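Please read the structure below before turning to the comments.
Note that the structure is a prediction, hence the values are computed from the model and not measured. Note that ligands are numbered from 1 as they come in the structure, with each ligand's atoms numbered from 1 the same way.
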Amino acid sequence: MAHAAPATRPDRPPAVDVAANLAAVNAEVQEAAQAAGRSADQITLIAVCKGHPASLILPALAAGHVAFGENRVQEATEKWRALRADWPGAALHYIGALQTNKAREAVAVADAIHAIDRPKLANALAREMERQARRPDCFIQVNTGAEPQKAGALPENLDRLVAQCRDDLELPVVGLMCIPPAAEDPAPHFALLREFAACHGLECLSMGMSADYRVAIALGATHVRIGTAIFGARPAR
Ligand SMILES: *Cc1c(COP(=O)(O)O)cnc(C)c1O
């Protein structure tokens, strides 16, 4: 005899076990680090929760996770006002393209900014850090694939931008960030970013997403930014 099919709710995504996904990704990070002869302690897993509601973030916080990624200033500010009150240890990484007129809010909300890619933005961030007496860690984003539609400094402008940020503006620059072109092997881009960082004596490498973080770890990533593998597909904006 046929059983009644369970009611389907096509408008609602299937339940996601965030704690289990997070544990699995942490285990993979550990494995990838070990395989590369590195310690997982050198790698910060940024759980990218952009587009997701607090109800999905809470299981990660409850599991003891600390680093989270957002890519819109207003969303981050609104969502984390309440979350931060209950979880003061959480650290927010701003990973999106950043408009200069959002520098004030970005400095106010973020513990790290992975999106510095032009002099005007660097200037605005420096002004705000001074004004707010807050100094989030700064990553300079590099457009390693020189894609016209993508944020990030072009490789040929990087030396000048690093010097401006670090020497002229005295921003707390800790490293570089990249997003390789979607259709290409990411490995050469990660290797290039590592080379640039070594040239400038920068320690941190923000590279690797759900699809390629193992490769990024093999090539020296210190910060991997992982969304989908932890929180599932993002709802449409
Ligand atoms: C959304 C986003 C991520 C996470 O991507 P997933 O493929 O979902 O892991 C990482 N980095 C940046 C800059 C992003 O915007």
Distance flag, aromatic centroids of F139 and H93, threshold under 6.0 Å: no

Sorted by chain and number, the residues that approach ligand 1 to under 4.0 Å with a heavy atom: V48, K50, I95, M177, I179, M209, S210, R225, I226, G227, T228, R234

Q74-E78 side chain donor-acceptor pair, cut-off 3.5 Å: yes

Check: W80/E70 side-chain N/O donor and acceptor closer than 3.5 Å: yes

Test item: side-chain donor near acceptor, T100 and R118, under 3.5 Å: yes

Side-chain donor-acceptor contact under 3.5 Å, E184 with H189: yes

Using a 3.5 Å cut-off and no angle test, enumerate the donor-acceptor pairs between side-chain atoms of residues 51-66 and protein atoms at least two apart in sequence or in another chain.
residue	atom	partner	partner atom	Å
H65	NE2	L45	O	3.0
H65	NE2	A67	O	2.8

